[in-house]
Amino acid sequence: MAAKPSTTTTAKATYSPIDPTRKTRPPIFSGSDVDWLRPDSRGFHQCRPAFFRTGAVNSASGSAYAEFGNTKVIVSVFGPRESKKAMMYSNIGRLNCNVSYTTFATPIRGQGSDHKDFSSMLHKALEGAIILKTFPKTTVDVFALVLESGGSDLPVVISCASVALADAGIMMYDLVASVSVSCLGKNLLIDPVLEEESYQDGSLMIACMPSRYEVTQLTVTGEWSTPHFNEAMQLCLDASAKLGKIMRSCLKEAASDEQE
């Protein structure tokens, strides 16, 4: 019997909220005569190709690997397992999240350790999507490891962790897809890379459940005008909806491969 070709290893899917064939690009700085281009030649409103794969860690209850351009993340999920005796009794389950970087993840060795708040932000983004009452008195542990930091690390971690939770069979209201936007001058850049983040005037990150159109996490830095903020929100929501479809496609393919 001929082997079934895998679609996950072919051309990576993109999820640009607008027409990616648009060729006109406004200048990045007001009054500048330089037509600034993104480092990877994308349009301002075009996301990087997204790739997901489940079953990356055999010893975990569920796991996933995600690759968005040069950003590479692996997430392992363990549990539900019995909570420690020192913890107070609870009718609902507990969620523990940890985000760490490899020593070689960033251009400057050990720089990734500065993102200590990522663990709590990952917890906040996922907690609202998980049906905690389905595993009372137990704990689910989520360990995310950034293998290579290429920009927009936290949104990739959140999306990858959501796929890993689904792979582990954890009951959720919906998958959580996350996208960020950077503001440079008067321009909005979706899914920024590391170089663009270092020059940004502000950033906005959304984690949401696309099917329910509910936001689980919203993070804003810098100063934003109301029109810019509304436009950035809509860009993130539209891109998250398309990213959610890619995530579901990965899970469906993994389930069909197991049945065969």
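Atoms considered below: every heavy atom in the structure, side chains included; atoms not considered: hydrogens, waters and symmetry mates.
- Note that the CG atom of Asn70 and the CG atom of Leu194 stand 9.5 Å from one another [nearest 0.5 Å].
- Under 4.0 Å is where a charged nitrogen must lie from a carboxylate oxygen, and between Arg38 and Glu196 at least one such pair does.
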Practice item. Evaluate the side chain to side chain contact (heavy atoms under 4.5 Å, CB included) criterion for residues Leu251 and Glu253: first the C-alpha distance (whole Å), next the side-chain angles of each, then the deciding distance (0.1 Å), finally the verdict. Key: CA-CA 5 Å; Leu251 292 169; Glu253 289 174 3; over 6 Å; no
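- A donor-acceptor pair under 3.5 Å is absent between the side-chain atoms of Ser249 and the main chain of Lys245, judged by distance alone.
- In this structure, CG in Asp191 is found 11.5 Å from CG in Leu235, a value given to the nearest 0.5 Å.
- Proximity of Ile206 to Met233: side-chain heavy atoms (C-beta onward) are separated by under 4.5 Å at one or more points.
- At a threshold of 4.5 Å between non-hydrogen side-chain atoms, the residues Phe229 and Val220 count as touching.
- For the pair Tyr213/Cys208, no side-chain contact is recorded, criterion being any heavy-atom separation below 4.5 Å from C-beta on.
- Residues Ile158 and Met205 have side chains in contact (heavy-atom distance under 4.5 Å, counting atoms from C-beta outward).
- Note: the hydrophobic cluster containing Ile130 also contains Val163 (ILVMFWY, side chain heavy atoms under 4.5 Å, direct or indirect links).
- Taking OH of Tyr65 as the start and SG of Cys250 as the end, the distance is 12.5 Å to the nearest 0.5 Å.
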Check your understanding: Hey, mind stepping through Met209 and Val176 against side chain to side chain contact (heavy atoms under 4.5 Å, CB included) and telling me if it holds?
Key -> CA-CA 5 Å; Met209 295 184 281; Val176 179; 4.3 Å; yes
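- Scanning both residues, Leu189 and Pro192, for their nearest heavy atoms gives O-CD, 4.0 Å.
- Considering only residues two or more places apart in sequence or on other chains, Cys97 meets the side-chain contact (heavy atoms from CB on, under 4.5 Å) condition with Leu95, Leu122, His123, Leu126, Val142.
- Taking CG from Asp201 and SG from Cys183, the interatomic distance works out to 5.5 Å, rounded to the nearest 0.5 Å.
- In the hydrophobic cluster analysis, where Ile, Leu, Val, Met, Phe, Trp and Tyr join through side-chain heavy atoms closer than 4.5 angstrom, Val193 is grouped apart from Phe118.
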Exercise for review: Just do the side chain to side chain contact (heavy atoms under 4.5 Å, CB included) check on Leu204 and Thr221 with the steps written out, would you?
Suggested key: CA-CA 7 Å; Leu204 183 147; Thr221 63; over 6 Å; no
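- Using a 4.5 Å cut-off on side-chain heavy atoms (C-beta onward), Thr139 and Glu82 make no contact.
- Distance alone, capped at 3.5 Å, is enough to place a donor-acceptor pair between the Thr138 side chain and the Phe135 backbone.
- Considering only heavy atoms from C-beta on, His45 comes within 4.5 Å of Leu188 through its side chain.
- Looking only at atom types and distance, the side chain of Arg48 has a donor-acceptor partner in the side chain of Thr71 under 3.5 Å away.
- With sequence neighbours excluded, the residues forming a side-chain contact (heavy atoms from CB on, under 4.5 Å) with Ala177 are Pro210, Ser240, Leu243, Met247, listed by chain and number.
- Separation of atoms CD (Glu127) and CG (Leu132) is listed at 6.0 Å; rounding is to 0.5 Å.
- A donor and an acceptor atom, one from each side chain of Asn230 and Gln234, are nowhere located under 3.5 Å apart.
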Practice item. Could you check Val75 against Phe143 for side chain to side chain contact (heavy atoms under 4.5 Å, CB included), going step by step and ending with a plain yes or no? Key: CA-CA 6 Å; Val75 178; Phe143 297 98; over 6 Å; no
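- By the 30° and 60° cut-offs, the orientation of the rings of Phe52 relative to Phe68 is perpendicular.
- Between the CD atom of Glu231 and the SG atom of Cys236 there is a distance of 10.5 Å, given to the nearest 0.5 Å.
- Hydrophobic clustering (side-chain heavy atoms under 4.5 Å, transitive across Ile, Leu, Val, Met, Phe, Trp, Tyr) groups Val157 together with Tyr101.
- The side-chain heavy atoms of Val140 and Phe78, taken from C-beta on, include no pair separated by under 4.5 Å.
- Contact of the Ile190 side chain with the Phe44 side chain is not registered, since no non-hydrogen atoms from C-beta on lie closer than 4.5 Å.
- The two atoms that bring Arg53 and Ala56 nearest to each other are NH2-CB, 4.4 Å, heavy atoms only.
- Remark: side-chain polar atoms of Ser203 are not paired, donor with acceptor, to backbone N or O of Ser182 under 3.5 angstrom.
- Of the N and O atoms on the side chains of Ser152 and Ser180, at least one donor lies less than 3.5 Å from an acceptor on the other residue.
- For Thr54 (side chain) and Ala254 (main-chain N/O), no donor-acceptor pair under 3.5 Å exists by modelled atom type.
- Among the candidates Leu145, Val156, Leu147, Val99, the single residue satisfying the side chain to side chain contact (heavy atoms under 4.5 Å, CB included) test with Val73 is Val156.
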Listed pairs under 3.5 Å, donor-acceptor, residues 165-174 side chains, sequence neighbours left out:
from: Asp167; atom 1: OD2; to: Ser63; atom 2: N; distance (Å): 3.0
from: Asp174; atom 1: OD1; to: Arg248; atom 2: NH2; distance (Å): 2.8
from: Asp174; atom 1: OD2; to: Ser211; atom 2: N; distance (Å): 2.8

